[in-house]
Amino acid sequence: MKMVVASWRRCVVMSLRLLLFLLPAGLPVRSQGESQSDNKQMDNITIRQGETLFLSCLQGDFVTHTAWLNRSSILYAGEDKWSVDPRVSLVTLNQDEFTIKIEDVDLTDEGQYICAVQTSSRPRTTSVHIIVQVPPKIVNLSKDLVVNEGSNVTLMCLANGKPEPAIVWRMIPSSDDSLGSDNEVLEIPFISRDKAGVYECTAANDIAVDTQTVELIVNFPPSISDGRDVGVTLGQRGVLLCEADAVPEADFEWYRDDRRIFNGFDGIEIEDDGALSKLTFFNVSEADYGNYSCVATNKLGSANTSIVLYEIIEPTSSTLLQVQDGNSGTSTVFTPTCLLLIVLLHLLLKF
């Protein structure tokens with residue numbers, strides 16, 4: 001029974017196709033008052049992927065048979081739906097108009113569509129070409145990269161779309177035009193640390209824009225800032241600072257002469273915070289004064305700097321004030337009591 005139904009269906013399809021396409025060849029010659037062409041070509045229709053397409057053709061002249069076809073497949077024959085696609089439906093069928101609808105249009109729907117009409121006088125066809133535009137979509141993008149300084153880097157960005165999308169690479173943010181490209185490949189030879197960052201690929205056509213990013217990390221050995229000597233009064237708090245720029249972040253070590261200093265050693269605290277290391281003395285003693293070395297190290301190398309912790313002597317109330325005698329080259333020493341008498345004498349002279 002199934003074989004009979006299938007054979008009958010194929011027979012009906014073949015018959016309808018013959019009716020719509022072969023019958024015009026056997027018609028008698030038209031009179032001068034009849035149309036010189038029964039085949040009409042409509043202007044192309046351009047539609048975006050995902051939109052709804054309406055296909056209409058005029059009927060009239062006592063139509064007896066009508067059908068919409070997509071290439072060689074019948075979509076509708078009159079009110080009978082032949083397409084198994086659920087997106088296709090009949091909108092209007094009357095003496096004047098035959099309209100079908102295709103929802104969620106895809107690229108596979110692109111091509112020629114034909115409205116075939118058989119009237120009491122003659123058959124005629126109206127054809128239209130559907131162009132489906134597809135927004136760009138980036139389908140292949142380089143992964144985030146970690147490279148060593150001096151390496152050659154290649155970033156790839158591939159996109160689909162119709163019309164074919166234009167590809168643009170750029171670093172964000174950047175004022176360096178050399179860190180960009182107007183094609184699918186961005187090449188950065190002998191990359192330096194200042195070219196690390198986020199790179200953006202943009203694919204654009206007349207429909208839309210698609211954008212994705214790649215993060216590029218550049219490893220480099222530590223470069224350490226010159227140490228600043230620090231003066232501290234005996235018994236006060238003192239802090240030595242060491243700053244190093246490195247990727248990956250540097251590990252810090254502190255030394256006094258050739259002896260390494262560890263956290264908590266003789267009341268000294270070492271605190272590392274990213275690119276900065278602090279060596280803190282909470283109660284500076286005479287033995288603490290001297291030269292210290294900071295060493296910053298990562299897997300690519302190391303750097304060091306020296307810092308001197310020196311003593312600052314603060315004046316007290318018992319400190320002697322020495323006044324240099326410009327003529328004799330000798331100095332005169334005044335005690336606090338003597339200074340008070342000089343001030344009083346100065347005030348009396350004013351009166």
Side-chain angles (χ1 to χ4, degrees), residues 2-31 33-135 160-163 205-207:
K2 291 182 179 180
M3 294 180 60
V4 172
V5 172
S7 299
W8 177 82
R9 182 179 178 88
R10 286 196 298 271
C11 181
V12 173
V13 171
M14 292 293 294
S15 300
L16 185 56
R17 290 177 179 173
L18 289 172
L19 171 67
L20 296 172
F21 295 105
L22 300 182
L23 186 58
L27 288 177
V29 178
R30 294 186 294 270
S31 64
E34 292 177 328
S35 170
Q36 296 299 311
S37 175
D38 293 324
N39 299 316
K40 296 182 180 180
Q41 177 69 44
M42 298 172 58
D43 293 336
N44 294 343
I45 296 178
T46 300
I47 189 170
R48 295 184 180 183
Q49 185 183 43
E51 294 183 343
T52 299
L53 173 66
F54 290 90
L55 296 174
S56 300
C57 70
L58 301 178
Q59 304 209 94
D61 294 339
F62 305 101
V63 172
T64 59
H65 298 88
T66 185
W68 266 109
L69 301 93
N70 175 9
R71 295 178 287 271
S72 60
S73 300
I74 299 174
L75 301 177
Y76 264 90
E79 294 182 347
D80 296 328
K81 181 179 180 180
W82 288 79
S83 173
V84 296
D85 192 335
R87 300 175 302 132
V88 180
S89 60
L90 178 65
V91 177
T92 303
L93 178 60
N94 54 41
Q95 191 64 34
D96 300 320
E97 179 186 347
F98 182 26
T99 301
I100 63 171
K101 176 176 69 173
I102 303 175
E103 297 179 287
D104 194 20
V105 170
D106 201 356
L107 194 59
T108 56
D109 298 315
E110 188 172 80
Q112 188 177 43
Y113 289 75
I114 297 174
C115 177
V117 175
Q118 175 66 46
T119 69
S120 58
S121 59
R122 63 184 182 276
R124 67 174 184 269
T125 62
T126 302
S127 62
V128 60
H129 191 84
I130 304 302
I131 300 173
V132 178
Q133 292 183 327
V134 181
N160 292 336
K162 188 177 181 184
N205 63 11
D206 297 338
I207 312 303

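Residues Pro86 and Lys81 come closest through the heavy atom pair CA-NZ, 4.0 Å. Residue Glu110 comes nearest to Ile130 through the heavy atom pair CG-O, 2.9 Å, listed as atom of the first residue, atom of the second, then distance. When all heavy atoms of Leu75 and Tyr113 are compared, the closest pair comes out as CD1-CE2, 3.8 Å. Considering every non-hydrogen atom in both Gly50 and Asp104, the closest pair reads CA-OD1, 3.3 Å. Considering every non-hydrogen atom in both Pro135 and Gln49, the closest pair reads CD-OE1, 3.7 Å. The minimum heavy-atom distance between Ala77 and Trp82, with the atom names listed, is CB-NE1, 3.1 Å.
With sequence neighbours left out, Gln112 forms a side chain to side chain contact (heavy atoms under 4.5 Å, CB included) with Gln41, Ile114, Ser127, His129. For Asp85, the side chain to side chain contact (heavy atoms under 4.5 Å, CB included) criterion is met by Ser83, Arg87, Val88, not counting sequence neighbours.
Summarising the geometry, atom CD belonging to Glu97 is positioned 8.5 Å from atom SG belonging to Cys57; distances are rounded to the nearest 0.5 Å.
Looking only at side-chain heavy atoms (C-beta outward), Val134 and Asn160 stay at 4.5 Å or farther from each other. Put simply, the side chain of Val91 reaches to within 4.5 Å of the side chain of Phe54, judged on heavy atoms. Leu93 is listed as a side-chain neighbour of Thr66, based on a closest heavy-atom distance under 4.5 Å. Inter-residue side-chain proximity for Ile45 and Ile131 is flagged as unmet; no heavy-atom pair is nearer than 4.5 Å. Taking the side chain as every heavy atom from C-beta outward, Phe98 and Asp96 never approach each other to under 4.5 Å.
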Under the side chain to side chain contact (heavy atoms under 4.5 Å, CB included) rule, what do Lys162 and Asn205 come out as? Steps first, then yes or no, please. CA-CA 7 Å; Lys162 188 177 181 184; Asn205 63 11; 5.6 Å; no
Given the rule in the side chain to side chain contact (heavy atoms under 4.5 Å, CB included) test, do Met42 and Thr126 qualify, once you have shown the distances and angles that lead to the verdict? CA-CA 7 Å; Met42 298 172 58; Thr126 302; 3.5 Å; yes
Intermediate values then yes/no, side chain to side chain contact (heavy atoms under 4.5 Å, CB included), Ile47 and Val132: CA-CA 5 Å; Ile47 189 170; Val132 178; 4.2 Å; yes
Could you walk me through whether Val128 and Leu55 pass the side chain to side chain contact (heavy atoms under 4.5 Å, CB included) check? CA-CA 9 Å; Val128 60; Leu55 296 174; 4.1 Å; yes
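The closest donor-acceptor contact from the side chain of Tyr76 to the backbone of Leu90 lies under 3.5 Å. Asn70 contributes no side-chain N or O that, together with a main-chain N or O of Ser73, makes up a donor-acceptor pair within less than 3.5 Å.
For the 3.5 Å distance criterion, the side chains of Thr99 and Thr92 fail to qualify, holding no donor opposite an acceptor. If you check the side chains of Gln133 and Asp206, you find no donor sitting under 3.5 Å from an acceptor.
With a 6.0 Å radius and a threshold of 12 heavy atoms from other residues, nucleotides or ligands, Asp43 has its CG atom at or below the threshold.
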